[in-house]
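These notes are about the structure you will find just below.
Residues take their numbers from the sequence shown, with the count starting at 1.
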Amino acid sequence: MEPALIGTRLASAAIGPLLKKLLVSEGPGAGLVRKDAEVRLSGLVSFRGEKRTLTEKDVRKLAATLVERSRRGDGEPPFPADETGAVTDALAANLLALGDLDMDDVQAVRLGHRDLARRLRAAAPAPDGLSTDSVLYLETMTEWACLHVLEFFTSRSTFIARSLVEQTRAQAELLAKMDEVIRRTPPAETRDEAFERRYLAHLARKHGRLTIYGVDLHHSPDEWPLDTAYLSLEATGGEGAPEAPGRQREQPSVRADLALARHDKVLLRGLAGSGKTTLVQWLTVSAAATGDRPEGMAYLRGRVPFVLPLRTFTRHGERLPSPDRFLSAAGCPLTPPEGWTDRVLAAGRGLVLVDGIDEIPGAERGRARDWLRDLLDAYEGNRWLVTSRPTAVRDDWLAPDGFTELTLAPMARAEVATFVRRWHKAAGPDAAVYEQPLLDSLRTAEHVAQLATNPLMCGLICALHRDRRGFLPRGRKALYEAALSLLLSRRDRERDMGAPTGLVLDEAPQIQLIQRLAYWLTLNGRTQMDRAHAASIVTEAVPAVPEASAYPPDQVFTHLLHRSGLLREPTADTVEFVHRTFQDHLAAKALVDHWDIGVLVRHATDDQWEDVIRMAVGHARPRECAEILRELLSAADAAEDRRVRLRLTLLAATALDHATEVPPAIREEVLRRTEEVIPPRSPEEARQLAEAGPMVLDLLAGPEELTDEEAYHSVITATHITTDAALPYLARFVRRTSLEVRSQLVWSWHRFDPRSYAEEIVAHLDPSDLIFTVQDDDQAEELTRLGLTPSYLSIEKTVSEDRTAMLLSLCDPVVLGLERSGGLYELPLMPPSARLRHLHVYGSGGDAVDLEPLAALSHLETVRVYGNVSGSECLPPRVMVTLF
């Protein structure tokens, strides 16, 4: 029978009074239970307990009445007639089970009538031998009974009060549990702050020490505190003579570690060993500092660094990491709270340092740029630094994404001297005696000064100078070979370490084995490889090296990894060279040993191979050297792109300088071909030509042989060869009348020692129509010392207010350019008799330049302001004010 039909036959008005007899009616003094005890169902039924009004026999009669009434009416009976007695007994058993359930009325109501019916059926004896219709009838009838029983419970006067008490208790328990969960699970902000402190401390420890090559001899530690060893270098921007009409203004040089204070996105180029990775370390440690930061580095306060060395991310062509994998991909052992990196970058607090675009294969650099652009699109307000070798990516590679492109300048003479002093201080008192002789050699020995252009080479020169008791090898190849000898065969011996790995290998077999690793890395466009792969390469090579074959290959590999001084483990499962320069040097040697000349030439247009090819020429014997140079020239002839032809020709020219012996015919051919691109035809070619180094100075023609345009381009080349060797060549142009040439000479002042350049170049220039650009206080001091009073003066914002006032009083210029740094800019006070006729003020944004101090100037005619102005109404009508 359908449940709805039973409901029709047993209306509530009929079934309610019958079932109510099952339960005890409450009244005064019923005293079923104590007030503080639970009201159990067994105390509420009328057939048990002290208030018993029904017997079990009465319950059976009640059940029979319910069954009988449900059978009345028209239609099909709910169950077979011969099973009436059995059904009645089973229903009575279910009703009697109310007294056996271990629960109270509140719990029963919370359970619901269907679940209560199931509990009753489970507590009662199972019906035996009933038909399907009878069983279904019994289930439905029991549910109807339970529905009315629960209705009775909810109508009792004590039920509502008890329900509220139960709810209050349950809520109190729930709140207590929630409080405990909250206590054990701190808010995301608290977790982020706690993790950030741990992360910054980890970065400070990891990046706070720097290897200085050579000071690890004679019982010295391998690494030194970064804040002691770090030397801030200069970075420069685009080129050109801005004073010439229509030419772009070149960005003044800036301290490399302050570049991100001016620009939120920087692509920084630098040669191998120029200090790119060390700069990344310095920025990381400066941002992670908890106390006072180094001078000028306060702009990094609150920034969270993410150091992303690309060479570690793409060993197997993996996808570059998403922000949630930044830490794990970079080898950080800490696990951040979920979403922490995203929250930092979304808040614009990140310092993202992408190191080594040049250290991934060229085919993967487009993918790296897409990855970087996706990050830039997703996160705003962060600071971004990307480093690369100069020719790894084309000019303006990231310019559409708002990146400012800067280049690490070669170390100036003053910076080299500072490095030498710091090196000898770090090396200890025994090295002090060699400091001044080396400084003297750097001033007098051109071959030494030409090599000391970056921190790596300076460190090697210092180490070898001390190691050789004041004598240095000539040339780059000799310098590297001496450094390898120092590291491979003398390091442990001079430390009195014996044989810590259980074997002793001379220099030659170690080089034979390690250059196999360099060969594989270079051939595959990598700077890092799996440790297991490195071990397998050494294992395969050991039998061919007699001195090493006497030892187990795994022991040989361990020795090379831990004692050679050339290899290191950036992570537990990877191996790389301590510096890319050593990899290039040994790969070049391996290529020459295998006579893989074709491999060299096929990679001649790959920027990662430029140093390898130059060094290969240095390693090669005369016949091999001639073949390499001849093949480079042939490749240049076959190239359709003029840029490629120029690059290959210059590569041959720079390689020529590394050769120990070259057939005269080949040398003459290389020089003749080089003369075809000299003088350069454009500023771009001039800069490319400068990359060949000081040897280009011997190829450049003098001023008497050049047109004004050729002279201008030649001067651009020479001013980019920032060694003292360029000064005699540049000095030959000081009498040139071309304004472009003179402007380029003045503008390039910042690349050289301020005093020597001022004395040899600036002091001898014809000042007619020439704007003297002063970019720092040292240049201002030199103008004052030499008594130069140019009428056309441009003062950059990096010149202090005191020096600016001093220059204006000394020079009394007719044309003046001033660059301001922001805020309300008050012009320097000048006497009414000042000769100033034309003023140019370079500003930025919406801040104003106050023109009121100009009102008394009697000769002023025009004011051009790149920004906003105030006080223009105070100027005489004759003064024309133009805003840009």
Rounded to the nearest 0.5 Å, how far does [atom2] of [Y] lie from [atom1] of [X]?
| X | Y | atom1 | atom2 | answer |
| --- | --- | --- | --- | --- |
| Phe772 | Leu807 | CZ | CG | 12.0 Å |
| Thr404 | Leu267 | OG1 | CG | 9.5 Å |
| Glu627 | Leu600 | CD | CG | 10.0 Å |
| Glu685 | Ile716 | CD | CD1 | 11.5 Å |
| Ile771 | Leu793 | CD1 | CG | 9.0 Å |
| Leu765 | Trp749 | CG | CH2 | 10.0 Å |

Task: Residues, nucleotides or ligands: over 12 heavy atoms within 6.0 Å of Arg785 CZ - done: yes

- [ ] Kindly check if the number of other-residue, nucleotide or ligand heavy atoms within 6.0 Å of CD (Gln436) is above 12?
- [x] yes

Task: Salt bridge present between Arg647 and Glu610 (N-O < 4.0 angstrom) - done: yes

Open item on the list: Pair Thr527, Phe577 - check side-chain contact (heavy atoms from CB on, under 4.5 Å), show working.
Closed with: CA-CA 7 Å; Thr527 59; Phe577 280 82; over 6 Å; no

Report yes if some heavy atom in the side chain of [X] is under 4.5 Å from a heavy atom in the side chain of [Y]; otherwise report no.
| X | Y | answer |
| --- | --- | --- |
| Leu706 | Tyr712 | no |
| Ser714 | Pro680 | yes |
| Val774 | Arg803 | no |
| Asp766 | Thr737 | no |
| Asp776 | Gln779 | yes |
| Leu671 | Leu656 | yes |
| Ile678 | Thr717 | no |
| His720 | Arg751 | yes |

Keeping [X] on the side-chain end and [Y] on the backbone end, is there a donor-acceptor pair under 3.5 Å?
| X | Y | answer |
| --- | --- | --- |
| Arg630 | Ile666 | no |
| His619 | Ala659 | no |
| Asp396 | Ala399 | no |
| Tyr729 | Ala701 | yes |
| Arg269 | Thr407 | no |

Please tabulate, for side-chain N and O atoms in residues 455-464, each donor-acceptor pair with protein atoms closer than 3.5 Å (sequence neighbours left out).
none

Please give me the minimum heavy-atom distance between [X] and [Y], naming the atom from each residue.
| X | Y | result |
| --- | --- | --- |
| Gly525 | Gln608 | CA-OE1, 3.6 Å |
| Ile721 | Ala690 | CG1-O, 3.9 Å |
| Cys625 | Val617 | SG-CG1, 3.6 Å |
| Glu782 | Arg755 | OE2-NE, 3.3 Å |
| Phe733 | Leu745 | O-CD1, 4.0 Å |
| Val734 | Ala731 | CG2-O, 3.2 Å |

Task: Residue pair Glu669, Arg673: steps toward the salt bridge (charged side-chain N to carboxylate O under 4.0 Å, His left out) verdict - done: CA-CA 6 Å; Glu669 176 64 14; Arg673 298 286 292 274; 3.5 Å; yes

TODO: Take Glu435 and Lys425, measure what salt bridge (charged side-chain N to carboxylate O under 4.0 Å, His left out) needs, and give me the verdict at the end.
DONE: CA-CA 9 Å; Glu435 178 182 323; Lys425 180 180 179 180; over 6 Å; no

Open item on the list: Which residue is it: Val612, Thr605, Asp611? I am looking for the one with a side chain to side chain contact (heavy atoms under 4.5 Å, CB included) to Trp609.
Closed with: Val612

So, [X] and [Y]: side-chain donor and acceptor under 3.5 Å apart, yes or no?
| X | Y | result |
| --- | --- | --- |
| Gln583 | Thr522 | yes |
| Asp355 | Thr387 | yes |
| Thr654 | Arg614 | yes |
| Ser748 | Gln744 | yes |

Task: Chi angles and distances behind the side-chain contact (heavy atoms from CB on, under 4.5 Å) call for His750, Glu234 - done: CA-CA 10 Å; His750 68 280; Glu234 294 291 307; over 6 Å; no

Task: Candidate pair Leu770 and Ser743, rule side-chain contact (heavy atoms from CB on, under 4.5 Å), full reasoning - done: CA-CA 7 Å; Leu770 176 62; Ser743 296; 3.6 Å; yes

Task: Verdict with reasoning, His585 to Glu481, per side-chain contact (heavy atoms from CB on, under 4.5 Å) - done: CA-CA 9 Å; His585 177 83; Glu481 288 178 344; 4.1 Å; yes

Task: Those residues that, when tested against Arg736, pass salt bridge (Lys or Arg N to Asp or Glu O under 4.0 Å) (two or more places apart) - done: Asp708

TODO: Show your reasoning for whether salt bridge (charged side-chain N to carboxylate O under 4.0 Å, His left out) applies to Glu684 and Arg687.
DONE: CA-CA 5 Å; Glu684 182 182 17; Arg687 292 190 291 272; over 6 Å; no

